[in-house]
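A short write-up of the structure that comes next.
Throughout, a chain's letter reflects where its sequence line sits, starting with A, and its residues are numbered from 1.
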Amino acid sequence: MIRTVVAAMLALRAGALVARAASRRPRAVLRAAKKSTSAEPLTTNFEAAAASVVAKPQRLPLPAKTRKTVAFNQQYLCAGCGCLLPPEHEIDHIVPVALNGSDALSNLQALCKPCHQQKTRDQRHTILDAVKKEPPVVEEKEVKRVPPLKLNDQQRAAVEASTEPIRVVAGPGTGKTRVLTRRVAHLVESGARASSVLALTFTNRAANELRERLEEEINPQDASSISVGTFHRVCLTMLRDDVEALESPIKRGFAVYDQAAMIKLCGRCIAEKPPVGLGWDKSEIKPARVQSAISSLKNAGFDASSYADLTKEGYGDRIVSRVFDLYEKTLQQRNAVDFDDMLSLTARLLEHSPATRAKYAGRWKHVLVDEFQDTNGVQYDVLKLLASDSVFVVGDSDQAIYGWRGADYENQQRYDDDFGARLLKLERNYRSAQPILSAASAVVESTTRRRDALSLEGREGSLVPSIVELEDQDDEARWIADVCVRAEGDVAVLYRTNAQSRAVERELLKAGVSYQLLHAKGFFERKEIRDVLAYLRLLAYPKDDDAFERVANVPPRAVGPRSLERLRVQALEGGEGMLHAAANAKSPVPARAASNLKVFTDALDELRELQQATSTPIPAEEGHAGPLVGSMAWFLLEVLARTGYEHYLRHESVDGADRWRNVRELANLAAPYAAGELVEFLDTLALVQDQDMAADDTEEKTPPKVRLMTVHASKGLEFQTVIIAGCEEGLLPHYYATADKDGEELAQAVDEERRLLYVAMTRAKESLALTRARTRLTWGVSRQMEASRFLDEIPADLRRDVRVAAPPSSSRRRRWSSSRRRSDGMLAGF
DNA sequence: ACCCCTAACTCCTCA
DNA sequence: AGTTAGGGGT
């Protein structure tokens with residue numbers, strides 16, 4: 001019923017092809033390095049490392065190329081005499097003094113060769129001790145690792161609680177997912193039907209993980225009949241099934257608009273000439289701003305007409321109101337719903353159609369919600385309308401980081417009041433070493449807002465977080481790459497904004513470290529992918545003018561802007577959408593364009609028939625290569641062949657081969673679907689903006705140990721080593737959080753940024769480093785950056801401050817340019 | 001209508 | 001720095 005995200009889809013990640021192509025060689029290098037490590041294990045403390053360096057200069061298992069890169073890109077201060085280690089000081093001579101005393105991140109302190117040779121072992125130890133602050137004494141309480149299947153008392157209390165409304169306050173790493181899955185298992189064991197359970201999450205990744213864990217926990221049939229999905233996915237499914245019950249111009253077979261499409265539509269409403277748009281200047285009235293305004297209005301329960309009324313009374317924004325009105329009209333003309341409608345129309349559906357509400361409330365007796373602190377008002381309404389027998393929500397207001405899209409952790413309070421919920425807590429953290437957890441808690445406790453009182457208890461460990469100060473974003477990236485080269489276990493590089501990934505990627509490539517970039521979109525933002533999807537959308541949703549305008553002249557069909565404009569007007573008059581208008585294009589449209597369009601629309605009609613006729617794939621004949629006839633992959637390629645897009649892309653665009661490979665990648669995603677399941681396929685793509693990493697091992701035997709992602713994307717994950725880059729004022733907290741704000745509004749925004757850091761820090765299991773650059777290049781200008789205010793909130797005994805000296809810039813630049821000249825295709829383009 | 005180059009704008013986060 | 005929108009040439 002709720003279609004699961006197909007496994008193959010999860011193999012996809014942003015920029016998959018790029019990353020794969022670029023990291024082919026480095027991966028081999030990495031394997032070689034691994035091999036030599038296992039022959040001669042990496043020493044785990046300063047003493048052993050020092051001894052082995054003396055005995056065998058070659059012993060650090062870094063390939064020659066990498067070694068060089070590291071040696072001249074990263075410079076160190078000698079921990080003994082404080083001298084700057086010269087660039088020609090190869091890595092072998094640098095004695096790593098472990099970060100945090102762990103060898104996982106071993107590049108922070110080094111001794112110069114003379115110092116190293118002069119000092120005795122004990123003296124070196126003293127130096128190390130002086131550098132390394134005394135780790136806080138962690139009370140040796142019996143903090144044992146609980147075996148996987150055993151629950152602690154708090155967890156058991158939550159799992160076995162009666163079916164009254166429950167709210168569980170679950171700190172980071174406290175086994176929230178385990179409690180959820182066990183709770184479901186418990187419900188099923190105590191007689192609930194598996195199909196009567198609905199589990200709601202906020203991200204696809206969380207949904208997939210939950211589903212996987214349920215399969216381990218519960219017998220397969222039951223596990224598969226449990227409904228698991230994101231709010232958006234579940235709402236979309238209900239809306240598709242029951243849209244008729246809704247009094248609305250939106251009809252069955254509606255298109256779904258994601259945020260990019262929403263912004264584009266706002267732009268059209270603002271800038272197009274009057275019958276179609278308002279004829280304003282797009283550079284003055286920013287589509288993205290208006291879209292976000294409309295989005296928050298929708299989340300606040302307004303529609304275009306109620307907001308127009310408000311505006312008449314002088315409260316609303318007249319400009320937003322005008323655009324809102326036209327935006328809604330256009331969506332209706334196109335029979336499309338946007339991401340916000342998906343929720344609000346479902347809420348309306350449940351509210352105004354008692355039959356529909358009864359249907360779903362009857363189906364789902366047990367509703368569970370993960371990450372409840374991230375619910376927005378409309379989602380809360382949906383939950384309230386769905387809730388019948390038992391409701392079980394899990395959340396942690398300290399991890400609320402989605403306020404910007406309307407989430408309000410105060411919904412937890414509303415829930416407590418509305419449902420009379422019982423409150424339970426999970427306070428034992430099985431993930432992070434205690435100093436990391438303490439440091440993170442210190443940050444989040446610096447808030448002024450009311451919190452759920454949690455006293456978290458972490459794992460044993462004595463490594464305090466490192467706070468690393470570097471010269472600029474390139475030094476920062478080099479330092480990070482260097483850590484990644486030597487880290488044992490998995491590493492995550494977390495940052496506030498996606499743009500920060502670029503420098504790090506570059507250095508990782510140079511250092512030969514394979515990495516995975518988790519960028520929300522990326523792949524789907526590529527022109528060729530958007531084009532192909534527009535073709536499919538146009539087939540599924542004939543009134544989707546956005547899709548039409550995108551592909552009408554790709555490949556070139558002599559349909560220029562003038563012709564498109566005329567078609568828009570004719571579509572408005574005909575009321576049937578631009579595709580229909582194109583099939584019957586009349587006089588102001590040039591004859592050549594009109595006849596080309598006729599050929600185009602005829603081809604689409606044929607394809608649509610083909611698509612509708614093919615409900616199941618036809619098994620391939622023996623030895624027949626290529627996608628299964630009747631599958632979505634086959635259909636997709638058929639569409640591209642018959643519309644001329646394939647030829648256009650492969651032979652007439654600059655890097656046709658690469659682009660075509662991306663299209664093939666998309667076809668792989670389409671393979672599990674039958675051609676007849678076009679809408680399902682498009683829905684899945686529309687809702688999966690988030691890339692999953694778990695299924696990556698389908699292709700890669702060894703998953704890359706380094707992952708790059710935003711803090712938001714890291715939520716719910718954990719890593720051995722975490723590096724949080726860019727801990728600077730303006731980045732974390734971000735400019736937008738502090739700009740043009742004061743008083744309560746400012747406090748709220750800064751608080752959310754603070755929680756963001758808390759979420760990031762609590763991803764770390766063993767070691768954690770927070771880096772910042774003194775200057776950073778933004779918009780082509782180098783700016784001075786202050787340390788993030790949140791860094792001051794970490795007490796001195798829970799941190800280790802490190803300054804990495806800047807290499808002399810002149811020599812660095814020379815090195816840079818010479819290495820740039822030498823660069824092969826792999827680094828071409830930098 | 002299409003192509004290329006310059007100028008201006010942009011970099012928050014996700015379903 | 002990197003991307004895209006629009007202006008000018010063909």
Side-chain angles (χ1 to χ4, degrees), chain A residues 5 14 200-207 229-236 256-262 267 271 282-284 286 288 292 295 299 337-343 371 374-376 378-379 400-407 473-474 494-503 506 518-522 524-525 527 553-564 590 592-593 596 652-654 683-691 709-715 726 730-739 749 752-753 755-756 759-760 776-783 829-830:
Chain A
V5 180
L200 291 167
T201 64
F202 283 82
T203 64
N204 289 298
R205 189 186 302 121
T230 62
F231 260 101
H232 284 86
R233 159 63 73 182
V234 172
C235 287
L236 179 57
V256 171
Y257 274 26
D258 64 11
Q259 196 186 22
M262 290 155 82
K282 240 202 277 196
S283 55
E284 264 172 53
K286 300 264 159 71
S292 89
S295 183
N299 280 324
V337 303
D338 64 23
F339 265 43
D340 299 311
D341 294 337
M342 229 187 274
L343 301 173
E371 306 278 15
D374 289 331
T375 37
N376 67 28
V378 182
Q379 286 164 331
I401 55 173
Y402 284 104
W404 50 272
R405 61 172 210 221
Q473 77 286 335
D474 290 329
L494 308 182
Y495 34 79
R496 176 69 227 268
T497 68
N498 279 306
Q500 288 171 260
S501 74
R502 207 184 323 250
R506 193 182 304 167
L518 280 107
H519 178 29
K521 304 166 204 161
F524 293 104
E525 272 173 359
K527 264 198 202 69
N553 202 33
V554 184
R557 293 187 183 92
V559 185
R562 292 288 294 169
S563 305
L564 275 182
R592 192 156 73 99
N596 285 346
E652 281 168 46
S653 62
V654 240
D683 278 355
T684 306
L685 292 190
L687 294 168
V688 178
Q689 305 267 313
D690 171 273
Q691 313 292 315
M709 67 191 90
T710 60
V711 178
H712 284 92
S714 76
K715 190 159 172 196
L731 222 40
L732 188 68
H734 196 270
Y735 313 95
Y736 285 28
T738 50
E752 179 149 316
E753 300 286 311
R755 293 192 295 268
L756 211 43
V759 168
R776 187 173 291 275
L777 209 61
T778 353
W779 294 348
V781 224
S782 189
R783 288 163 205 264
F830 285 114

OP1 or OP2 of [N] less than 4.0 angstrom from a side-chain nitrogen or oxygen of [X], does that happen here?
{"X": "Asn498(A)", "N": "dT13(B)", "answer": "yes"}
{"X": "Arg233(A)", "N": "dC14(B)", "answer": "no"}
{"X": "Lys286(A)", "N": "dT10(B)", "answer": "yes"}
{"X": "Thr203(A)", "N": "dC14(B)", "answer": "no"}

Can a donor-acceptor pair be found, under 3.5 Å and without considering hydrogens, that links the side chain of Gln473(A) to the backbone of Gln500(A)?
no

For the pair Asp258(A) (side chain) and Ala686(A) (backbone), establish whether a donor and an acceptor sit closer than 3.5 Å, ignoring hydrogens and angles.
no

What is the distance, to the nearest angstrom, from the [atom1] atom on [X] to the [atom2] atom on [N]?
{"X": "Tyr257(A)", "N": "dA15(B)", "atom1": "OH", "atom2": "C1'", "answer": "18 Å"}
{"X": "Leu777(A)", "N": "dG2(C)", "atom1": "CG", "atom2": "P", "answer": "9 Å"}
{"X": "Glu752(A)", "N": "dT13(B)", "atom1": "CD", "atom2": "C1'", "answer": "9 Å"}
{"X": "Met342(A)", "N": "dC14(B)", "atom1": "CE", "atom2": "P", "answer": "17 Å"}

Pairwise side-chain contact, Leu564(A) with Asn553(A), heavy-atom cut-off 4.5 Å (strictly under)
no

State, yes or no, whether a side-chain contact exists between Thr375(A) and Phe231(A) at a heavy-atom distance under 4.5 Å.
yes

Using a 4.0 Å heavy-atom cut-off, does Tyr735(A) contact any base of the nucleic acid, only the sugar-phosphate backbone, or nothing at all?
nothing

Mind checking Phe231(A) for me? I need base, sugar-phosphate or nothing, with any heavy atom below 4.0 Å counting as a touch.
nothing

Atom CZ of Arg592(A) with >12 non-hydrogen neighbours under 6.0 angstrom
no

Please confirm whether any donor atom in the side chain of Gln500(A) sits under 3.5 Å from an acceptor in the base of dC11(B), or the reverse.
no

Taking the C1' atom in each of dT13(B) and dT4(C), what is the distance between them to the nearest angstrom?
23 Å

My understanding is that only residues two or more places apart in sequence, or in another chain, count here; which of them pass ring-ring contact (aromatic ring centres under 6.0 Å, His included) with Tyr735(A)?
none

Counting only side-chain heavy atoms from C-beta out, which of dA15(B), dT13(B), dC11(B) sits nearest to Asn204(A)?
dA15(B)

Protein and nucleotides 1-8 of chain B: nitrogen or oxygen contacts under 3.5 angstrom:
unit_1, atom_1, unit_2, atom_2, d
dA1(B), OP1, Gly560(A), N, 3.3
dA1(B), OP1, Ser563(A), OG, 3.3
dC2(B), OP2, Asn553(A), ND2, 3.1

